[in-house]
*Asks:* 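This is the structure, below, for whatever I ask next.
Numbered from 1 within each chain, the chains take letters A, B, ... in sequence-line order. Everything quoted here is computed from the prediction, not taken from an experiment.
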Number of protein chains: 2
Amino acid sequence: MSEPARSYHHGHLRETLLETAFGLVDTQGVEAISMRALAREAGVSSAAPFRHFADKQRLLDAVAEKAAAELERQLDEASAECSDALTQFRAMSVAYVRFAAEHPALFDLMHSTDSVAAPFLGTVKDERRLKLIALIIEGQNAGLIPEADPELIALTSEALTHGLARMIVDRHPRLRTLSSQEARQLALAATHLLQSGIGLS
Amino acid sequence: MSEPARSYHHGHLRETLLETAFGLVDTQGVEAISMRALAREAGVSSAAPFRHFADKQRLLDAVAEKAAAELERQLDEASAECSDALTQFRAMSVAYVRFAAEHPALFDLMHSTDSVAAPFLGTVKDERRLKLIALIIEGQNAGLIPEADPELIALTSEALTHGLARMIVDRHPRLRTLSSQEARQLALAATHLLQSGIGLS
DNA sequence: TCTCAATGTAAGCATCGCTAACTTACGGTA
DNA sequence: TACCGTAAGTTAGCGATGCTTACATTGAGA
């Protein structure tokens with residue numbers, strides 16, 4: 001909050017650009033960001049950002065990775081509060097849908113980003129799938145989840161959750177403020193669908 | 001295929017622009033289209049397109065509506081070949097996922113378009129939902145679909161189908177040629193998920 | 001046949017992504 | 001401590017884009 005006299009070298013340009021881009025995508029959508037505007041915002045010449053990001057797409061890739069990390073954090077946080085496997089499983093689904101509802105533009109950017117250019121995205125997805133399958137097996141062992149191919153259950157659940165999230169995002173393209181109460185209700189609806197749909201509990 | 005000597009007035013500029021934009025989005029993605037390039041392609045000055053579309057977004061809206069109409073045509077075609085309600089229901093789900101797999105960019109554009117600007121999109125969605133619910137009720141009356149809230153079944157199915165479609169689109173962002181055999185396999189997988197997931201038959 | 005509205009053109013503005021050539025100053029080394 | 005190489009900034013500018021304004025052309029209806 002205090003960069004009073006900056007001379008020539010910014011010092012934290014990369015972080016600064018990344019953070020303001022992140023916030024701008026979140027609040028205004030991805031088409032609202034421009035390299036030159038970011039540079040102006042940071043009080044730096046319009047060519048400076050290119051010292052830190054080869055081109056605009058790389059910057060967006062970095063934003064997407066940051067969003068993925070944040071999503072992951074929220075999923076971990078949600079599941080950490082639960083004891084048994086089934087509850088964790090549900091909590092993660094709810095948190096996933098909620099994130100999409102609360103950060104539609106980030107969610108969209110995450111999924112429109114080539115996972116070759118942003119390998120962290122692919123890694124995170126793979127790890128999450130493994131965790132889901134592990135949870136399902138754990139739940140089955142505890143008698144909480146009916147016996148069925150864990151991969152099929154995971155895939156079905158992923159499709160259902162991702163589908164709900166997408167339906168919300170796609171229906172409210174520019175709606176940036178969905179009250180967290182609304183989001184919660186939607187997320188709970190997702191849980192019920194997961195229960196009745198897959199036959200859990 | 002023959003516009004040999006065109007003098008001043010093009011004659012079909014609007015359709016021409018719309019069709020080449022549609023094709024360009026389908027094959028190269030939405031970011032590949034520019035007003036000026038479209039004008040060049042049509043052999044017309046770069047200001048001419050704005051006589052037919054107020055701005056670029058309106059053009060994209062029109063492309064999205066055209067894509068929605070095509071999707072709808074394919075869904076109708078798929079369900080028309082089936083006799084009973086359950087089979088129709090499944091055929092529509094399969095066709096939906098297949099369309100997404102074969103035309104990812106159009107599918108994406110359709111859903112990122114504001115349905116206020118392109119009201120046809122909203123209309124089509126509503127009508128499809130009504131048709132799905134009618135099919136479910138019909139299937140229930142015929143004893144083909146278990147008794148449960150038809151709206152819940154419809155919503156679950158929509159989420160699952162849309163989710164699968166999105167997972168395919170999001171995972172292959174630029175993959176434009178997914179063999180139709182692959183697409184068919186994926187669509188069949190969706191059907192199985194619908195069966196096992198919702199408990200149909 | 002006249003005319004006017006629809007449809008096209010030419011020219012230009014502001015912005016954008018990105019590059020090239022130059023400058024500054026930080027941090028490791030002699 | 002003086003030096004210096006390089007990371008990180010600057011200025012200037014190219015080509016492209018979306019879009020506007022003022023003007024030109026022409027087909028269709030009165």
*Asks:* Suppose we screen for side-chain contact (heavy atoms from CB on, under 4.5 Å). Which residues come up paired with A:E127, at least two apart in sequence or across chains?
*Replies:*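 By the side-chain contact (heavy atoms from CB on, under 4.5 Å) rule, A:E127 matches A:T123.
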
*Asks:* Measure the distance from CZ on A:F50 to C1' on D:dG9 and round it to the nearest whole Å.
*Replies:*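 That distance rounds to 14 Å.
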
*Asks:* Calculate the interatomic distance between B:Q57 atom CD and D:dT17 atom C1'; express it in whole Å.
*Replies:*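 Answer to the nearest Å: 16 Å.
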
*Asks:* Whole angstroms only, please: what is the CZ-P distance between B:R51 and C:dT9?
*Replies:*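 My rounded result for the distance is 10 Å.
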
*Asks:* Restricting to non-hydrogen atoms, name the atom on A:I33 and the atom on A:A21 that form the minimum distance, rounded to 0.1 Å.
*Replies:*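 Residues A:I33 and A:A21, closest heavy atoms: CG2-O, 4.4 Å.
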
*Asks:* With sequence neighbours excluded, give me every side chain to side chain donor-acceptor pair (under 3.5 Å) pair touching residues 131-141 of chain B.
*Replies:*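 Only B:S79-B:K131 qualify under side chain to side chain donor-acceptor pair (under 3.5 Å).
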
*Asks:* Does any pair with a residue in residues 58-73 of chain B pass salt bridge (charged side-chain N to carboxylate O under 4.0 Å, His left out), and if so which ones, sequence neighbours excluded?
*Replies:*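 Counting only pairs at least two positions apart or across chains, the salt bridge (charged side-chain N to carboxylate O under 4.0 Å, His left out) contacts touching residues 58-73 of chain B are B:E70-B:R73, B:E72-B:R128, B:R73-B:E77.
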
*Asks:* Quick one: which residue pairs count as a ring pair (Phe, Tyr, Trp, His ring centres under 6.0 Å) with a foot in residues 14-41 of chain A, not counting sequence neighbours?
*Replies:*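 As it turns out, there is no ring pair (Phe, Tyr, Trp, His ring centres under 6.0 Å) pair with a partner in residues 14-41 of chain A once direct neighbours are skipped.
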
*Asks:* Could you state the CG-C1' distance from B:L13 to D:dG27, rounded to the nearest angstrom?
*Replies:*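 In whole Å, D:dG27 C1' and B:L13 CG are 16 Å from each other.
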
*Asks:* Going by side-chain hydrogen bond (donor to acceptor under 3.5 Å, both in side chains), name the residues that satisfy it together with A:D84, two or more places apart in sequence or in a different chain.
*Replies:*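 A:T87.
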
*Asks:* So, is A:H52 close to the D:dG9 phosphate, meaning a side-chain N or O under 4.0 Å from OP1 or OP2?
*Replies:*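 Yes, such a contact exists.
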
*Asks:* Who are the ring pair (Phe, Tyr, Trp, His ring centres under 6.0 Å) partners of A:H52, not counting sequence neighbours?
*Replies:*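 By the ring pair (Phe, Tyr, Trp, His ring centres under 6.0 Å) rule, A:H52 matches no residue at all.
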
*Asks:* Kindly write out the residues that satisfy side-chain contact (heavy atoms from CB on, under 4.5 Å) with A:A154, not counting sequence neighbours, or none if the list is empty.
*Replies:*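 Expected list: A:I133, A:I136.
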
*Asks:* I need the CZ-P distance between A:R14 and D:dG9, as an integer number of Å.
*Replies:*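 Checked: the CZ to P distance equals 12 Å.
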
*Asks:* Is there a donor-acceptor pair under 3.5 Å between the side chain of B:Q88 and the backbone N or O of B:S83?
*Replies:*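 Checking the backbone N and O of B:S83 against the side chain of B:Q88, a donor-acceptor pair under 3.5 Å is found.
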
*Asks:* Applying side-chain hydrogen bond (donor to acceptor under 3.5 Å, both in side chains), can you list everything that pairs with A:S46, at least two apart in sequence or on another chain?
*Replies:*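 Testing A:S46 for side-chain hydrogen bond (donor to acceptor under 3.5 Å, both in side chains), a comparison that skips the adjacent residues, returns none.
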
*Asks:* Produce the list of close N/O pairs, under 3.5 Å, pairing protein atoms with atoms of nucleotides 13-16 of chain C; give distances to one decimal.
*Replies:*
{"unit_1": "C:dC16", "atom_1": "OP1", "unit_2": "A:S34", "atom_2": "OG", "d": "3.4"}

*Asks:* What parts of residues 16-25 of chain B reach DNA chain D, counting only heavy atoms under 4.0 Å away?
*Replies:*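 By residue number: none to list.
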
*Asks:* Of all the nucleotides listed (D:dA8, C:dA11, D:dA12), which has the minimum atom distance to the side chain of A:A47?
*Replies:*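 Nearest listed nucleotide: D:dA12.
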
*Asks:* Please enumerate all residues that pass side-chain contact (heavy atoms from CB on, under 4.5 Å) together with B:A37, with sequence neighbours excluded.
*Replies:*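 Residues passing side-chain contact (heavy atoms from CB on, under 4.5 Å) with B:A37: B:S34, B:R40.
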
*Asks:* Could you state the atom-to-atom distance from CD of B:E31 to P of D:dA16 in whole Å?
*Replies:*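 Result: 19 Å.
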
*Asks:* With the threshold set at under 4.0 Å for non-hydrogen atoms, list the residues of residues 58-65 of chain B touching DNA chain D in residue-number order.
*Replies:*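 DNA chain D contact set from residues 58-65 of chain B: none.
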
